[in-house]
J.: 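Supplied in structure tokens, the structure appears directly below.
Proteins come first, then strands; the chains are lettered A, B, ... in the order of their sequence lines, and each starts at number 1.
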Amino acid sequence: MFKTACIAALREVLGDDAADLDLGALLSPPPKVEMGDLAFPCFPLAKIRRAAPPKIAAELAAAMSAGGPIAEVKALGPYVNFFADPAAMLAGLHDGLADGSFVGACRSEAPKRVMIEFSQPNTHKVFHVGHLRNVSVGDALVRVLRARGHDVVAANYYGDFGIDVAKCLWWLGRHAQEEPPAEGRTAWLGDAYTAATLAVEEAEAKGKEAGDAVKASIREVLTGMEEGEPEITARYRETRQWCLDEFADIYGWLGVTFDTDFFESELEAAGNKVVDDGLAEGVFVESQGAIISDLESDSLPVALVRKSDGSSLYMTWDLALARRKFDEFNVEQSIYVVGSEQTLHFKQLFATLGKMGYERAKDCRHVSYELVMLPEGKMSSRKGTAIPFHQLRTRVLDAIRAKMAEAGSAIDEAAANKIAIACLKYGMLHVGNTRSVIFDIEDWTNPEGDTGAYLLYSLARIAGIQRKAGEGVDLGADVPADSGFGVEAERGLLNHLTAFPQIVKRVEDTCDPSVLANYVYEGAKRFSRFYSECPVLKAEPALKLARLKLAACTQRVFTEALSLLGIDAVESM
RNA sequence: GCGGGCGUAGCUCAAUUGGAUAGAGCACCUGACUACGGAUCAGGAGGUUGGGGGUUCGAGUCCUCCCGCCCGUACCA
């Protein structure tokens, strides 16, 4: 309403000069609240009107008058700055939140059916901090795209088969007397996998013969898995289930859910069929004894789809899986949340799907993100520096409980868990996808500063105000014009809250949840300033009403924004 | 070699997609009504945005050439 009023006012004074200008796009908030709520830059008019931008700004401002939602118009240098009527803006936001139109404004004009594949954990390997970034990003995207009105299928894809699994089982077979721990069995299996990998390397170091012997005995295990040899199959099924149970436990704790699960172990036959079909159709060709997808027309290197020994690869499974996504799930868009080291793989996958005749291949999207690092440097499961998830969880929880104890509050386990999750997810999400995340447990759980706890704290403070305000106030009532509402701290917060729908859209466009995470943090900063500068309960009735309404709006928007990040609010902490 | 990513305060990150004096947090220094929750707020100090050139009213952002780090580059996943 305010913005459209500004556009209308500009269009009126500009006349034909506005013909080629996208006024809505040019209008943007000034860097500081005291400069107004929206600004119009006059640079594009300089050529048309053949005058200096500041002069044009002054002329335009003089030609416009305040009225309706516009409280004031004035020129500031080369900009025309519009000031909103704060009470009207507050009323607009509050009513929009009450009748659902504000959140409704987040919705896309073109809803579609989209599948988001993320997490993709490997069984028989450690689930560690690094994997948490993928889960955080993927889950946030699922939530955001749903808020945008899309029909989202959240998909997981378990790497539960293949030579790596065989390695782990091979090692266990040789150390059968060792018992798995009660907690962290995935990590325990991961250790076995690592030990097996080291054993292979050691053997190889001794010579080709020794290396081949070890690899052959591992391959025997794989063959046993493929052919259903009883002992191997029993061990495989049991250990696989341990991993799936532990993954379920992790997702449960994090509040992450999937609509469908895919398993690598189920794609072998479909993969073979994709390759055979492709050969028959001339999509794939033979090369050096292997089957490839020639992507020269797409300026990409060839992609191997079947090894010369006849076995399939990662690409083969992914092609088969993509086929299911299109044919069985009928998705219009397919999103893959996978680390940036696989960028080439996905370019090749999408190009190959295009060659196979899937028009929607062009709407496939690889959401790539950089690695998680430790303050000491790269994580290495080899060196044991990767922090297994179960260990991470207890360490973060301990840090949060310690802080609660220090603050003298009774330790509320439910709240402690929510705060721990907020710290972890916010830490993973507030950095842009293209940059690596440095996981520093001290930093992330630091009670002071830019953390998930800070976000929850602002909500706890709002809840505190509301508890003391009681039920007596009718927030639906209008704020009188002379309430005194509208100082900088109030308008800064109000402006920020209003921008929420655009932020949600931007997250979809960029597939980068850090946009939203930073938005909430910035909002929490603005709320804290409001909180310290603007007493609510002690204010005069009219002003108190306005501030209570603003606090309520803040609560609604923050709660919604955090939920899109997969973070739950707490009442007290 | 080729392709992609990154480089912003001592450290960790932003910057509304080309706009006003490049902003936050940590760490350091100084303050805040016996408090609607101090897990907070205000202020100070800290910058040649890796470097050079270019595009234009205007560049951290776009083009170009260097430098540094990371990733990828058909029979691993």
J.: So which nucleotide from rA14(B), rG72(B), rG37(B) ends up closest to the side chain of R461(A)?
T.: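 The answer is rG37(B).
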
J.: Counting side-chain heavy atoms from CB outward, which of rC41(B), rU17(B), rA20(B) is closest to S528(A)?
T.: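 Among the listed nucleotides, the one closest to the side chain of S528(A) is rC41(B).
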
J.: Just the rounded figure in Å: distance from C1' of rG25(B) to OH of Y457(A).
T.: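 About 17 Å, once rounded to whole Å.
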
J.: Take atom P in rG44(B) and the same atom in rG4(B), then report the distance between them in whole Å.
T.: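 One P to the other, the span is 44 Å.
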
J.: For I465(A) and for V80(A), locate the closest nucleotide of RNA chain B by heavy-atom distance; then report the residue assigned to the nucleotide nearer the 5' terminus.
T.: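 Counting from the 5' end, the first nearest nucleotide belongs to V80(A).
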
J.: Measure from the side chain of M573(A), starting at C-beta and using heavy atoms only, and say which of rC75(B), rG37(B), rA74(B) lies closest.
T.: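 Per side-chain heavy atoms of M573(A), the pick is rG37(B).
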
J.: Partner of rG72(B) by Watson-Crick or G-U wobble geometry, both contacts under 3.5 Å, or none?
T.: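 In the structure as shown, rG72(B) has rC2(B) as its Watson-Crick or wobble partner.
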
J.: Check every strand shown and say whether C534(A) touches a base, only sugar-phosphate, or nothing at a heavy-atom separation below 4.0 Å.
T.: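 Base, at least one base heavy atom under 4.0 Å.
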
J.: Mind checking if P535(A) touches a base, just sugar-phosphate, or nothing, with heavy atoms under 4.0 Å?
T.: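 The answer is base, as P535(A) lies within the cut-off (heavy atoms under 4.0 Å) of a base atom.
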
J.: Tell me: OH of Y426(A) to P of rC13(B), nearest whole Å?
T.: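 Roughly 12 Å, once rounded to whole Å.
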
J.: What's the CZ-C1' distance between R49(A) and rC57(B), to the nearest Å?
T.: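 The distance from CZ of R49(A) to C1' of rC57(B) comes to 17 Å, rounded to the nearest Å.
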
J.: Verify the contact: side-chain N or O of K468(A) to OP1 or OP2 of rG37(B), cut-off strictly under 4.0 Å; return yes or no.
T.: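 So the side chain of K468(A) is within the cut-off, an N or O lying under 4.0 Å from OP1 or OP2 of rG37(B).
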
J.: Quote, to the nearest angstrom, the C1' distance that separates rG31(B) from rC67(B).
T.: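 Approximately 45 Å lies between the C1' atom of rG31(B) and that of rC67(B).
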
J.: Under 3.5 Å, is there an N or O donor on one side and an acceptor on the other linking the side chain of S308(A) and the base of rC75(B)?
T.: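 Present.
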
J.: Compare the minimum distances between each of rG37(B), rA74(B), rA14(B) and the side chain of S287(A), then state the nucleotide with the smallest one.
T.: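 Within the option list, the nearest is rA74(B).
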
J.: Using the purine O4'-C1'-N9-C4 or pyrimidine O4'-C1'-N1-C2 torsion, is rU48(B) syn (within 90° of 0) or anti?
T.: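 Here rU48(B) takes the anti form, which means its glycosidic angle is more than 90° from 0.
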
J.: Work out how far the C1' atom of rC62(B) is from that of rU55(B), and round it to whole angstrom.
T.: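 Taking atom C1' in both rC62(B) and rU55(B), they lie 8 Å apart.
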
J.: Can D450(A) and Y426(A) be counted as having a side-chain donor-acceptor contact under 3.5 angstrom?
T.: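 Present: a donor and an acceptor within the cut-off.
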
J.: When the P atoms of rA45(B) and rG10(B) are compared, how many Å lie between them, rounded to an integer?
T.: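 About 15 Å, rounded to a whole number of Å.
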
J.: Of all the choices, rA77(B), rU8(B), rA74(B), which nucleotide is nearest to the side chain of Q288(A) once you look at every atom?
T.: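 It is rA74(B).
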
J.: Within the structure shown, what part of the strands sits under 4.0 Å from Q342(A) by heavy-atom distance: base, sugar-phosphate, or nothing?
T.: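 Base contact - Q342(A) has a heavy atom under 4.0 Å of at least one base atom.
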
J.: So V302(A), base contact, sugar-phosphate only, or nothing? Heavy-atom distance under 4.0 Å.
T.: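 Base: the residue V302(A), judged by heavy atoms under 4.0 Å, touches a nucleobase.
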
J.: If you check every side-chain atom of A460(A), which of rG37(B), rG5(B), rC13(B) has the closest atom?
T.: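 Of the options given, the side chain of A460(A) lies nearest rG37(B).
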
J.: Taking pairing as Watson-Crick or G-U wobble with both contacts under 3.5 Å, can you name the mate of rU56(B), or confirm there isn't one?
T.: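 Because no pair has both required distances under 3.5 Å, rU56(B) counts as unpaired.
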
J.: Could you tell me whether H345(A) contacts a base, only the sugar-phosphate backbone, or nothing, with contacts defined as non-hydrogen atoms closer than 4.0 Å?
T.: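 Answer is nothing: H345(A) stays at 4.0 Å or more from every strand.
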
J.: In the strands shown, is rC41(B) matched to any nucleotide by a Watson-Crick or G-U wobble pair with both distances under 3.5 Å, and which?
T.: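 Partner of rC41(B): rG31(B).
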
J.: With heavy atoms under 4.0 Å as the rule, sort Y521(A) into base, sugar-phosphate or nothing.
T.: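 Sugar-phosphate, no base atom in range.
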
J.: Using whole Å, report how far OH of Y519(A) lies from P of rU17(B).
T.: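 It works out to 16 Å between those atoms.
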
J.: Report yes or no: do S368(A) and S340(A) form a side-chain donor-acceptor pair below 3.5 Å?
T.: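 No.
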
J.: Would you say rC75(B) has OP1 or OP2 under 4.0 Å from some side-chain N or O of R306(A)?
T.: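 Answer is no, no contact under 4.0 Å.
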
J.: Can you identify which nucleotide, out of rC76(B), rA39(B), rA20(B), has its nearest atom closest to the K307(A) side chain?
T.: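 For K307(A), the side-chain atoms sit closest to rC76(B).
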
J.: I'd like to know if T451(A) reaches the base of rA39(B) with its side chain, counting only an N/O donor and acceptor under 3.5 Å.
T.: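 There is none.
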
J.: Closest approach to the side chain of D164(A), judged atom by atom: which nucleotide of rA77(B), rA20(B), rC57(B) is it?
T.: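 The listed nucleotide nearest to D164(A)'s side chain is rA77(B).
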
J.: What is the pairing partner of rG25(B), taking Watson-Crick or G-U wobble pairs with both distances under 3.5 Å in any strand?
T.: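 Pairing partner: rC11(B).
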
J.: Around atom CD of E296(A), are there more than 12 heavy atoms of other residues, nucleotides or ligands at under 6.0 Å?
T.: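 No - once you tally the heavy atoms of other residues, nucleotides and ligands closer than 6.0 Å, there are 12 at most.
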
J.: Distance only, no hydrogens: is a donor on one side chain within 3.5 Å (strictly under) of an acceptor on the other, for Y314(A) and E264(A)?
T.: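 Distance-only check fails for Y314(A) and E264(A).
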
J.: When rounded to the nearest Å, what value does the distance between C1' atoms of rA15(B) and rC29(B) take?
T.: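 27 Å, rounded to whole Å.
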
J.: Pick base, sugar-phosphate or nothing for S311(A), based on heavy-atom distances below 4.0 Å to the nucleic acid.
T.: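 No contact.
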
J.: Looking only at side-chain atoms of S532(A), point me to the closest of rA77(B), rC26(B), rC41(B).
T.: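 Of the options given, the side chain of S532(A) lies nearest rC41(B).
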
J.: Taking only the P atom of each, what is the distance from rU64(B) to rC26(B) in whole angstrom?
T.: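 Each nucleotide's P atom is 40 Å from the other's.
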
J.: How far, in whole Å, is rG7(B) from rG50(B) if one measures between their P atoms?
T.: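 Between the two P atoms, the distance is 8 Å.
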
J.: Is a side-chain donor-acceptor pair under 3.5 Å present for D160(A) with S265(A)?
T.: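 There is such a pair between these side chains.
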
J.: If pairing requires Watson-Crick or G-U wobble contacts with both distances under 3.5 Å, which nucleotide is the partner of rG18(B)?
T.: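 When the pairing criteria are applied, nothing turns out to pair with rG18(B), so the answer is none.
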
J.: Can you confirm whether the side chains of E268(A) and S312(A) place a donor and an acceptor under 3.5 Å from each other?
T.: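 Yes, S312(A) and E268(A) have a side-chain donor paired with an acceptor closer than 3.5 Å.
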
J.: Give none if rU48(B) has no partner; otherwise give the nucleotide forming a Watson-Crick or G-U wobble pair with it, both distances under 3.5 Å.
T.: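 Its partner: none found.
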
J.: With the side chain of Y454(A) defined as its heavy atoms from C-beta on, choose the nearest nucleotide among rG37(B), rU40(B), rG25(B).
T.: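 For Y454(A), the side-chain atoms sit closest to rU40(B).
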
J.: Taking the C1' atom in each of rA22(B) and rC33(B), what is the distance between them to the nearest angstrom?
T.: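 Nearest-Å result for rA22(B) against rC33(B) at atom C1': 35 Å.
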
